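So that we are looking at the same thing, I have put the structure below in structure tokens.
A quick note: this is a predicted structure, and the numbers were derived from the prediction, not measured. Just so it is clear, the values below take in all heavy atoms, side chains as well, and ignore hydrogens, waters and symmetry mates. Residue numbers start from 1 in every chain, and the chains themselves are labelled A, B, ... in the order their sequence lines are given, proteins ahead of strands.
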Amino acid sequence: MARRSSEDTGTVKAPESRRQRKKRSKENKTRTVHANLLYDAANKGEENPNRHYANNKIKTTKYTVLSFLPKNLFEQFHRFANVYFVFIALLNFVPVVNAFQPELALAPVVFILSVTAIKDLWEDYRRHRSDKEINHMDFNQKERKQRIFTFQERYVEKYWKEVRVGDFIRLRCNEILPADVLLLSSSDPDRLCHIETATLDGETNLKQRQVVRSFFDLYNSIIECEKPNNDLNRFRGYIIHRSGRRDALYKENLLLRGCTIRNTEEAVGIVIYAGHETKAMLNNNGPRYKRSKLERQMNVDVFWCVVILLVLCLFAAIGHGLWMFQYGDKRPVFDVLSPEGTDLSPIMSAIYLFLTMIIVFQVLIPISLFVSIEIVKICQVYFIHQDMDLYDEETDSHLQCRALNITEDLGQMQYIFSDKTGTLTENKMVFRRCTVAGVEYSHDANAKRLAMYQEMDSEEEECTSHGGTLPRRDSVTSHQSARVVLRSQSTKSHRRTGSRAEAKRASILSKHTAFSSPMEKDITPDPKLLDKVNDCSSQMDFMRFHSQPMSQLPSDLSDTIDFFIALTICNTVVVSSPNQPSSSSSLITNRSSNKGCSSLLSSPSAESTLTKLHEERSCGGLENAFSPVPPSYDGKASWNIEEGELRYEAESPDEAALVYAARAYKCSLVGRLPDQVTVELPHLGKLSFELLHTLGFDSTRKRMSVVVRHPLTDQITVYTKGADSVIMDLIKPPNTGRKLQKKIVCRTQNYLNLYAADGLRTLCIAKKILSQEEYACWLQRHLEAETAIQGREQLLFESALRLETNLQLLGATGIEDRLQDGVPETIASLRKAGLQIWVLTGDKQETAVNIAYACKLLDPEEEILTSADQTTKAFHSSFAPFDLHPSSSLSSSSSHAAPFLVHRLGLVIDGRTLAYALDKSLEDKFLAVARSCRSVLCCRSTPLQKSMVVKLVRNKLKVMTLAIGDGANDVSMIQVADVGVGISGQEGMQAVMASDFALPRFRYLQKLLLVHGHWCYSRLANMILYFFYKNAMFVALIFWFQFYCGFSGSAMIDQWYLIFFNLMFSAFPQLITGTLDKDVSAETLQHLPQLYVNGQNSEEYKPYMFWMNMIDAFYQSLMCFFIPYFAYADSDMDLFTWGTPITTLALFTILLHLGIETKTWVTNLILDSLMTLLLSHFCSLIALFFTVALCYNASCPTCYSPSNPYWTMQRLLQDPLFYLLCIITPVAALLPRYFYRACQGTLFPSPVQVGRQLDKLPADTRRNILSLTRVKVGSPLSPKPPFLSLSKASPKGCNKNDQRSISGSKTLEATQGQADEEEDRSCLSGPTDSEMHLSDLYTLVPSEIDTLPYTKDAPQPAGELQPPSTEVSECLDKTLEPSDVSLSSWITSTPLLTPADSVQLNLLPDGAPQCVRYSRNSEDRLKPDHAVHPAHRTEQEVEQLLHTKL
Amino acid sequence: MMASSYNAKEEDGHPSGASGHGGPGVVKSKKPDNTAFKQQRLPAWQPILTAGTVLPAFFVIGLIFIPIGIGLFVTSNNIKEFEIDYTGVDMDSPCYTCAKNSSWNNTTPCTCSVDFTLEQPFESNVFMYYGLSNFYQNHRRYVKSRDDSQLNGGRSALMEPSKECEPYRKTDGVPIAPCGAIANSLFNDTLELFHIDSNGSRNAVPLVKKGIAWWTDKHVKFRNPGGNNNLTLAFQGDFSKPVNWRKPVYELDPSDPENNGFINEDFIVWMRTAALPTFRKLYRIIQKKSSTTPTLPSGKYTLDITYNYPVLSFDGRKRMILSTISWMGGKNPFLGIAYITVGSICFFLGVVLLIIHYKYDTRNNSADIPN
């Protein structure tokens, strides 16, 4: 409360301008902002011209207390199903057609609507709470005390929500911006302000924002800018001064809401946009609504249900019409006239009956299904959240499900598209080794140290306790009231300082900043190189002392020192000291110390900068207040390194890594000014390099350069750092250089290749010394470029190119981007699960390939197909053999088995080629090739390309895709994929914001997909099928009855049962099954990734299953209807007394059916009592049913017309016949299903069932079996694992074969369906355009199917390798004796990993097969193909393709 | 490696979870609780349906069902039942004329008598039913057409019957009691049974007309307005009789006030609408007189019918059924046959599964022998 004390001090009146402005702003579509100070002073807030703009209070809630009901209902009625059900309920109010009591018929709809409404309400309440939290964050706002020019202004603290447009706000380091603010002043001497935009775009590098150029008069200047829009990169406006002068404002002047002030002690700005009008909020779209594959499938079946419903109704209506017709004019006494006493014609009554039947049969459309699915999904999400294995202790974060409705999609993934940096790797750049002047320094000690960190990783828990005791150099100062500020400050301090544990604790607080951990910072120098550096610098020191020219230094020594100087200064790293003050109290001390310090400056240029600053300050008057002192970079803190470590903040982690590396060699960067870099060197002390130019990094040049004046030699030196490929081309041609230089280049190149092979990121460092004339010449044109108005970018680019020539190579560095824990294992098991993993990275090819090797994505045994930097033609020719091959293999395959050997292929494609590959005409071809490859690696790809690849695969192959990434560059990919996963790791929250699931680590993907995905999928699939079955079964009962009631729409089941039965008795257990049922244990699922194929192939829920279920439902309902029918035929049973047993039987049957389908029967005592279990749940549910029925039947003797069930159940319970019926009917009804399941379990068990059997084994045996698998997986390189021979032996082959082939023959439908699907898919992958050559090529693909090694049915073409199907039974006999072995060999047959015969390809994902086979042959041809022996056809086709393309 | 770490995690799960809670002063971590429920590790029984596991169930079902079925079949066969159709469709049937002339508007009763012979004596209590065929008492509009409140003697419902009774709710503004189509179509034939002695004399078989309705119906659901005394007073004047009725509701059984009005048992039985278009309703009970003589000795009988109820218009049939009952109700061999059939099928399938099991299902056996 105190902080709000001086809030209402007063305002001033300015009506004239306000109205004008308001009018104008409407006309001009611009916004005018005045300083609030002016108006607040005179207590006239309502006159403030800014009052019409949105304030900073945000409200993301959808409803208010009043609007909730109508708005929520309105939204719910957007769902078709709800409208349908309401329609039916209303239909009941029409007397002619009504089937139930109208009020009663409303009940289910009301129930469903209210459940959904409660859910919405809860979500909205959560939003409301988070809004409230944000709105109540504090910040400083400048409040004027006096109107006169003075420095005595005051800042008051206000909540975020109280910020208004026109307020001045002061922001300190690490504070989060509450609104979009125009930067008016900064403590930075360069009038800069650094911000981190991680929350907006995920980039953690610091961005510079500039203070408005012109002086801003608090009282008379008016800001005019554009209306709020969501373009983060655009801001236009100008300041109108009193004089009428206009000064432009750019996006560089705007600080956006949500960003964090970094590295700038204090900044002051005026609020331009607030609340919902900020760019961040305008960009904040709600979560996307995704519909899962299962739901799409389900909707098809819902449609079929509608069709069935209509057919049934039509049938009944026609039946009724005929029934009426047969009586003619003789009105039987039981055919009641209409209420008006009029007669109904058969046709009319048939029409009415049609509507009535729709009401009666409405249950067929599962009303509770939709709401049940939502409930189940929420529970599933809850369990995923609760999984300990998905919890990352280090960051104290667990998996977040941001999309609630696609959990089951996780179980159906087929393709994974992964980012590399930060996803597979840690995105922690560690300096590993370097080459200086052609000499390699291996940094062994450093490597050892890194290895130690790795160990520490695993023992991280031990460190935790130490975390607290470590000194926190950056203690949090006075402003602790604001929680957010506190959080970010402490984060920062932790990041800089301590051990891993400290870092861990820091990351607990905030996990989206990319500051270096100790691992990256503490580099152990290579002793040899360190000696050399010392040697060199001491010599230089000596030479300086004796004023000898530096050129006398031996070249390798000078190269060494230059190398480190380049590392140190050729970057944009910002230095800050840990003592950097972040409070106003320390500001004052700094201010006072500032003047004393400034004399210490050694460089004249810096001096001039400062004087400039001083001048500015003195003339600025008021602005002085807005631009507090420059930071004490040159104060005592940075001069005395002993006192505190320097902190480096870099745009990219590589840069920081290099600077830290240089520091390890005592070459420390101690200060950076816009025109000066201060470096401390051993022996030489501090040297200030005059920074003449910085030519920043861009992706085209792939390098950056700095032009400095060397303080020792006074030469103008260019230091360039960049990708090896480009730097090597720019090295001074050898003929002009010395012989040695050539050697160095040669050697360095060798080492670079080595580095790349080690998976290191390589950079080359080079320098160039410019003569004064050269420099002057270049400078002139550069200045021209800088001042050019048009095409400045281009000119600057050219200017940079002119400078960066004839370089002298200094050395190269290798930086390691460490793999995350468990990545290879995860990839291996995901791959075993039949997932295709593509890595899409922006990194360069060599690095990408090496990381791919490191994480076992690529395999040394694999043939790597590289297509980099190729033209379209080359692309064609390199891919041509793949296209051609099918035809040739088709003819040859039947004759001999050799071509069936699976040869694995990896495709590496780079951005440029990718651009061709993604071309319309080539994408099919590209896909065909890519599918044939085991792994695909796209390097140098842009974010757009990433998303295009995902989209291409998703749309063309009709597969489920998952994209995983961590950075802003992955966002588009994440959004395109069916499921987007964000790694909530290093690179900010952007990916997480866009994702459906956010994981702390890549390795969690394994459990998420293999276990939770599988569970969610199988649970939901079973639940949906069950719902369809249950409703169909129930409706069919009534349908059969229509034959015996003249199709009059009568129901023997009490309407209360009819309506609530479905809602309560039978839906409830299914909810529990849908939430808790486990088909296979988590452990087995993780160790047998093959089980995942189950979901990929949608094996739990195939279209035919719906119909099977329907048929089963009809059969069961026949049983449930006709057994009581015959039992009570021609008896004195009355309608509802007869209907009640039927209801009971149906309930029994439905529950027992669920029992058969349920895989896990939870028997837990505690849960028992809670009634949330299954086994006793059935009993209790039946008991509940009887209790309810008994109570209901005893409750009222005259109510519940027409059934009036008084004492019915009581009487039935005295009837032995009732019990006899209850026994026989469910047995008879479930017999086929039970028998089928038993046969299936024995004859053709699904892989899932094998997994379940494994679960049942004693723990030891299971581990043995699983460990066998693991050995296999772990050593894919071992030539022949011992039991692989088994796999070739007959029992093994047979075993496999029997499972497959029998399932093939028995589930003929299934196989058929699959084959059809297969065919469809292949067709789809064919050309969409009618280009002859393409269709020519692709017509071959479908015909391939017959000869696929991929087998659900026994493959014929495999010939001698494959035991013919007649031998199956024989084989089965043989499999009798290898007991465990048969099982384990089944499990261990990891088709994707064994370069064996085609028999083992069973578990290949649908996508791969036909391609895999011919790849072997293509490999044979690949090499010659380019050069010698292109088939005639190939050439022709390439030609043709080219023509058509042109 | 993966597996070992996994196992380790699982094993040390409990202690680490415990320590997580114990740590004082630590920032509350988001670490999920390590409970079996949340980690989905609830102890569970996972039945796997294979031939081997299912086998016993099939045999057990078979072995239980077949004896039950035989028992039921025998019981059903021991029940004696006699049925006679008196609709009078054929020219030579005694009720032909009555059937032809009968209509709802007839006021003159038409009588006819049917002779029949019981081959076997009926030993225990005999239940006399009338049966109707092709009579859709379960028609949707028919079933609804009643007012239970009125039948319960509710005064207000008596005056203002439910709308469901339309169009049999009021005649000329006067409420009908009892209202609705069900009541309107009350079965109004009268059946009398005579035993023809060996010497040719007709002995009326005593028919008990009480105790044929559900006890709860008679005593709870159905009530006369204003108690049972002086029904005439209660009904007369304000109400009209249903259109098809020949006498008002208070004259249904003038002899016995306990069986008159709404609580007339014939009426109550009729008001329980039958489930299927062919049905029977209990009409009378023939009590067993002594343990020595059968209730209905074999021999000749005559059924005297007061033929009022027209069924020919909808091809209906009227029957009179005499039946004894057992513990399982009336004669119905179906359930016995069903049990036998299902039991046999189960047994047969059990055998099939046994074959399958021994031929194919090796996994389970082998799994039990860990190496």
Next on the checklist: Please find the pair of heavy atoms, one from A:Y1206 and one from B:K221, that lie closest to each other, and give the distance.
Outcome noted: CB-CD, 3.8 Å

Checklist entry - What about the rings of A:W323 and B:H139, do their centers lie closer together than 6.0 Å? => result yes

Checklist entry - Going from CG on A:D335 to CZ on B:R140, what distance comes out if it is rounded to the nearest 0.5 angstrom? => result 11.0 Å

Checklist entry - In terms of heavy-atom pairs under 4.5 Å, which option from B:G343, B:A181, B:P277, B:G329 contacts chain A the most? => result B:P277

Next on the checklist: Taking every non-hydrogen pair under 4.5 Å, which of A:P332, A:S1131, A:G1046 racks up the most with chain B?
Outcome noted: A:S1131

Checklist entry - CG/A:D1134 to CH2/B:W270 distance, rounded to the nearest 0.5 angstrom? => result 13.0 Å

Next on the checklist: Under 4.5 Å from any heavy atom of chain A, what part of B:K281 do you find: side chain, backbone, both or neither?
Outcome noted: backbone

Item to check | Portion of A:Y327 that has a non-hydrogen atom of chain B nearer than 4.5 angstrom | outcome: side chain

Next on the checklist: Less than 4.5 Å to any heavy atom of chain A: does that hold for the side chain of B:L349, its backbone, both, or neither?
Outcome noted: both

Checklist outcome for this item: dist B:F334:CZ -> A:Y1128:OH (nearest 0.5 Å) comes out at 12.0 Å

Checklist entry - Quick one: what part of B:F314 sits under 4.5 Å from any heavy atom of chain A, side chain, backbone, both or neither? => result both

Item to check | chain B contact via A:Y382 - side chain, backbone, both or neither, heavy atoms under 4.5 Å | outcome: side chain

Checklist entry - B:L151 versus chain A, heavy atoms under 4.5 Å apart: side chain, backbone, both or neither? => result neither

Next on the checklist: I'd like to know if the side chain of B:N332 and the backbone of A:F1126 have a donor-acceptor N/O pair within less than 3.5 Å.
Outcome noted: yes

Item to check | Residue B:W214 versus chain A: region with a heavy atom under 4.5 Å | outcome: both

Checklist entry - Which heavy atom in A:V333 sits nearest to a heavy atom in B:S185, and how many Å separate them? => result CG2-CB, 3.2 Å

Checklist entry - Judged by atom type as modelled, is there a donor-acceptor pair below 3.5 Å linking the side chain of B:R280 to the main-chain atoms of A:D1130? => result yes

Next on the checklist: So which atom in B:G52 and which in A:T1242 form the shortest heavy-atom distance, rounded to 0.1 Å?
Outcome noted: N-OG1, 4.5 Å

Item to check | chain A contact via B:V311 - side chain, backbone, both or neither, heavy atoms under 4.5 Å | outcome: neither

Next on the checklist: Would you compute the distance between atom CZ of B:R146 and atom CG of A:N1204 and round it to the nearest 0.5 angstrom?
Outcome noted: 6.0 Å

Checklist outcome for this item: Looking only at A:A1127, A:C1196, A:G822, most heavy-atom pairs under 4.5 Å shared with chain B are made by A:A1127

Item to check | For B:W327 against A:P1216, the heavy-atom pair lying closest together | outcome: O-CG, 3.1 Å

Next on the checklist: Nearest 0.5 Å, please: how far is CE in A:M1052 from OG1 in B:T273?
Outcome noted: 13.5 Å

Checklist entry - Which bit of B:F65 is near chain A, if near means a heavy-atom gap under 4.5 Å: side chain, backbone, both or neither? => result side chain

Checklist entry - Looking at B:L353 and A:C1239, what are the two nearest heavy atoms and their distance? => result CD2-SG, 3.9 Å

Checklist entry - Under 30°, 30 to 60°, or over 60°: which ring-plane class applies to A:F334 and B:F135, parallel, tilted or perpendicular? => result perpendicular

Next on the checklist: Let me confirm one number: the CG-CG distance from A:L1135 to B:N138, rounded to the nearest 0.5 Å.
Outcome noted: 6.0 Å

Checklist entry - Considering only heavy atoms, which portion of A:W1138 lies under 4.5 Å from any heavy atom of chain B: side chain, backbone, both, or neither? => result side chain

Checklist entry - Measuring heavy-atom distances to chain A, does B:A57 have an atom under 4.5 Å in its side chain, in its backbone, in both, or in neither? => result side chain

Next on the checklist: If I measure from the heavy atoms of chain A, does B:F58 come under 4.5 Å with its side chain, its backbone, both, or neither?
Outcome noted: side chain

Item to check | Largest heavy-atom contact set with chain A, pairs under 4.5 Å, which of B:I182, B:T278, B:I68 | outcome: B:T278

Checklist outcome for this item: Ranked by heavy-atom pairs below 4.5 Å to chain B, first place among A:P95, A:A1238, A:G1139, A:P1197 goes to A:A1238

Checklist entry - Do you know which of A:I1123, A:D1215, A:L353, A:L1221 has the most heavy-atom pairs with chain B at a distance under 4.5 angstrom? => result A:I1123

Item to check | chain A contact via B:D147 - side chain, backbone, both or neither, heavy atoms under 4.5 Å | outcome: neither

Item to check | B:L72 portion near chain A, given a 4.5 angstrom heavy-atom threshold | outcome: side chain

Checklist entry - Is it the side chain or the backbone of A:L390 that comes within 4.5 Å of chain B heavy atoms, both, or neither? => result neither

Checklist entry - So which part of B:Y129 gets closer than 4.5 Å to some heavy atom of chain A, the side chain, the backbone, both or neither? => result side chain

Item to check | Cationic N near anionic O, under 4.0 Å, B:D217 to A:R1211 | outcome: no

Checklist entry - Can you name the nearest heavy-atom pair linking B:E166 to A:V336, along with the distance? => result O-CG1, 4.2 Å

Checklist entry - So what's closer than 4.5 Å to chain A heavy atoms on B:Y309: side chain, backbone, both or neither? => result side chain

Checklist entry - Hey, which of B:N134, B:L335, B:I61, B:L276 has the most heavy atom pairs under 4.5 Å with chain A? => result B:L276

